[in-house]
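Here is the structure we will look at.
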Amino acid sequence: MNPARLIRRQLLSLSGVGLTLGALFFAAALTPTLIPRSYLTQGALAGGCFAIGYFAGVLWRRLWHYLELPEPSARARSIANALVAVGCLLVVILALGRTAEWQNSIRTVMKMAPVETAHPLKVCAIALITFVVLLALGRLFAFVARFLAARIRRLVPRKVANVIGLLAAALLFWSIASNVLIRTAFNALDSSFRELDVLFEPERPQPTDPGRTGSSASLVKWTELGRMGRRFIASGPTAAEISAVTERSAQNPVRVYVGLGSRDTAQARARLALEELKRQHGFDRKILIVITPTGTGWIDPAAMDTVEYLHHGDVASVAMQYSYLNSPLSLLFQPEYGAEASRALFAEIYGYWTTLPKDKRPMLYLHGLSLGAMNSEKSAELFETIGDPIGGALWSGAPFESRIWRSVTANRNPGSPAWLPEFRDGRLVRFMNQNGPTVPRDTPWGPMRVVYLQYASDAITFFAYRDAYRAPAWMNAPRGPDVSPELRWYPVVTMLQLALDMAVATATPMGFGHVYAPEHYVDAWVAVTDVNDWSAEALARLKEQLAAKARKTSAGDADDDPDRGG
């Protein structure tokens, strides 16, 4: 067949209703959400949304025909389709013309340089490729469903056969996708991340100090720490570095980390972590923090360096790896691993901590970022700790599936925004963002202090599946300081936009999205750990120094970290 004739036939076979909805979905996909987009991600998103809108229109047209409702004549349909095509083209052109303006509305609030162009032609090309691929898959699915229905029709009535054929095709496609494509991709990614985990970085040699994890005297071998564990152990500040900033005497912080390859089970790794912490006299410190890392085992240096400076190195921290995959993949394929590991580690540490005299043991806290925050929430059971409570927790960038975060946010005080809630009298739980806490700093705390550090532009925190059919509460006025004023809610499309925002949430400047800044960790740790020996001027200087150090190294770390911030 002539290729030109084939293309013309395919174009004429497109649904007018589908094109209308597709164009509207395409235009809505170009509007801003929480994270700035490149032309590549923008094009893929717009093409996917066009395809979803188109398929929705096709289903509506099929339902109309199935119900045998009145239909226009062929001539009327041709005229209507021509008008629809012109209207769709105008909608697409107008939306593309505003794309740069929309993207700059996000970049402005994040203090990023504006873009001169959003590359509309590139966006269109990528969107067209995406749409064609998805359209081909959709038509392949329809062909398989019709083929199966035609075979089944010999045995059962036509309508029953159509339903069975549709279900059988859906089962076939799902089986291929989940058992072949997804599982193959998972195995390949797991192998890739596993190989990455064992890589040695020459700038991080094995510690020679016998008091450090991974040294020749340590119970945990340097080779078994994993790449992120070696980074955590080697990157912490020394007593001399802390003193240079604080101008006061300091200690070397205690950092304990157990890699995934150290022992076969989470319980065995947790016991090893406890013994290593005891070997390093971690229970003699003022502050003890049980950390749940992100998926690959990454621990945000902005969080831990900060608390070590604030307490002049009189801090011990302990963490345990539970996956080789980054957080999104770990959450998708191994959701139980993180909870099991964090629970095992806390049980070992807390069990020993409760045997120590209360006036001589350290204050015990929990910490986690992103997936680590969600799993850290699960590590401590209320009824287990109510008789001997811990000091509290700092959880940053808690994912939308975090149970305690979701409950507290849903039950926030009336009038407080969903992106920065106030919870009761603020004695137990407080929320913080770039501008500090929601309550006055001198508000008294209860026996336990829990702080959620979160940014309004963090899609990993504020994504929800129900965004497909209703506007989220965090969009209501007043909005967060780092959210575009041009942001609007659109059915289905907004949920897809936020899903993409989750995937690129660490592509923002520090202090926005899912990249948490050390100066904000300072305020959070001051509140959680009751820091009272720093003046306001000294804290301001510390924030400036830590922020300058973090921004100097963040670009290289971001390129090198497969799991940075997630």
Side-chain angles (χ1 to χ4, degrees), residues 18 20-57 59-60 88 91-92 94-96 98-110 118 123 126-127 130-131 134 328 397-402 405-406 409-410 417-420 454-508 512-514:
T20 302
L21 282 178
L24 294 176
F25 274 43
F26 177 92
L30 298 180
T31 61
T33 43
L34 296 179
I35 306 296
R37 306 186 197 113
S38 66
Y39 68 84
L40 181 62
T41 56
Q42 185 67 84
L45 174 66
C49 288
F50 193 104
I52 291 172
Y54 179 81
F55 290 138
L59 289 176
W60 172 259
C88 291
V91 168
V92 168
L94 290 173
L96 286 169
R98 293 200 61 190
T99 301
E101 174 190 345
W102 283 331
Q103 287 303 303
N104 285 334
S105 73
I106 314 175
R107 300 175 72 87
T108 298
V109 297
M110 293 187 176
V123 170
I126 296 167
T130 304
F131 172 70
L134 293 176
F400 64 97
E401 290 284 7
S402 302
W405 173 89
R406 203 166 53 211
T409 301
W419 49 270
L420 198 64
Q454 61 188 41
Y455 300 147
S457 55
D458 190 347
I460 291 176
T461 295
F462 292 106
F463 172 85
Y465 294 107
R466 61 177 177 271
D467 294 343
Y469 58 86
R470 73 177 187 187
W474 55 264
M475 281 192 182
N476 299 334
R479 289 185 175 177
D482 45 341
V483 174
S484 167
E486 297 288 335
L487 189 151
R488 300 290 183 272
W489 175 78
Y490 301 97
V492 181
V493 175
T494 295
M495 185 198 72
L496 297 174
Q497 288 177 311
L498 293 173
L500 176 62
D501 286 347
M502 283 200 297
V504 295
T506 59
T508 63
F512 301 97
H514 202 60

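Under a 3.5 Å cut-off, the side chain of Thr409 and the backbone N or O of Arg406 do not form any donor-acceptor pair. A side-chain donor-acceptor contact under 3.5 Å links Gln497 to the backbone of Thr31. A donor-acceptor pair is defined here as one N or O able to donate and one able to accept, closer than 3.5 Å; such a pair exists between the side chain of Thr461 and the backbone of Ala398.
For Trp489, the side chain to side chain contact (heavy atoms under 4.5 Å, CB included) criterion is met by Ala471, Pro472, Met475, Pro491, Thr494, not counting sequence neighbours. In terms of the side chain to side chain contact (heavy atoms under 4.5 Å, CB included) criterion, residue partners of Arg488 (sequence neighbours excluded) are, by chain and number, Arg479, Tyr490. Taking the ring pair (Phe, Tyr, Trp, His ring centres under 6.0 Å) definition, one finds that Tyr39 meets it with His119, sequence neighbours left out. For Asp482, the side chain to side chain donor-acceptor pair (under 3.5 Å) criterion is met by Gln434, Ser457, not counting sequence neighbours. Here Thr130 pairs with nothing under the side chain to side chain donor-acceptor pair (under 3.5 Å) rule; sequence neighbours left out. Under the rule for a side chain to side chain donor-acceptor pair (under 3.5 Å), the partners of Asp501 that lie at least two apart in sequence or sit in another chain are Thr33. Tyr455 is linked by a ring pair (Phe, Tyr, Trp, His ring centres under 6.0 Å) to Tyr516, His520, counting only residues two or more places apart in sequence or in another chain. Listed by chain and number, the residues in a side chain to side chain contact (heavy atoms under 4.5 Å, CB included) with Arg98 are Glu101, Trp102, Glu486 (sequence neighbours excluded). Residues satisfying the side chain to side chain contact (heavy atoms under 4.5 Å, CB included) test with Ala418, not counting sequence neighbours, are Arg412, Ala473, Trp474. Residues passing the side chain to side chain donor-acceptor pair (under 3.5 Å) test with Thr108: none are found, sequence neighbours excluded.
Here the shortest heavy-atom pairing between Val109 and Pro485 reads CG1-CD, 4.4 Å. The shortest heavy-atom contact between Pro32 and Ser105 is CG-OG, 3.8 Å. Among all heavy-atom pairs drawn from Gly513 and Met110, the shortest one is N-CE, 4.5 Å.
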Run Val483 and Leu34 through side chain to side chain contact (heavy atoms under 4.5 Å, CB included) and show every step you take. CA-CA 6 Å; Val483 174; Leu34 296 179; 4.0 Å; yes

For a ring pair (Phe, Tyr, Trp, His ring centres under 6.0 Å) check, start with the C-alpha distance between Phe131 and Tyr54, then their side-chain angles and the critical distance, and finish with the verdict. CA-CA 9 Å; Phe131 172 70; Tyr54 179 81; 5.7 Å; yes

Stepwise, does the side chain to side chain contact (heavy atoms under 4.5 Å, CB included) test hold for Ile460 with Phe400? CA-CA 6 Å; Ile460 291 176; Phe400 64 97; 5.7 Å; no

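From Ser484, atom OG reaches atom CD1 of Ile35 across 11.5 Å, with rounding to the nearest 0.5 Å. Separating the CZ atom in Phe463 from the CD atom in Glu401 is a distance of 9.0 Å, to the nearest 0.5 Å. Atom-to-atom distance recorded for Leu21:CG and Trp60:CH2 is 10.0 Å, nearest 0.5 angstrom.
No side-chain N or O of Trp419 forms a donor-acceptor pair with one of Gln454 less than 3.5 Å apart.
Contact of the Val123 side chain with the Thr99 side chain is not registered, since no non-hydrogen atoms from C-beta on lie closer than 4.5 Å. Using a 4.5 Å heavy-atom threshold, the side chains of Tyr469 and Met495 count as separate.
Residues in residues 462-475 take part in no salt bridge (Lys or Arg N to Asp or Glu O under 4.0 Å) pair, two or more places apart or across chains.
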Can you give each donor-acceptor pair under 3.5 Å made by side-chain atoms of residues 42-52, sequence neighbours left out, with the distance rounded to 0.1 Å?
unit_1: Gln42; atom_1: OE1; unit_2: Arg37; atom_2: NH1; d: 2.9
unit_1: Gln42; atom_1: NE2; unit_2: Ala29; atom_2: O; d: 3.0

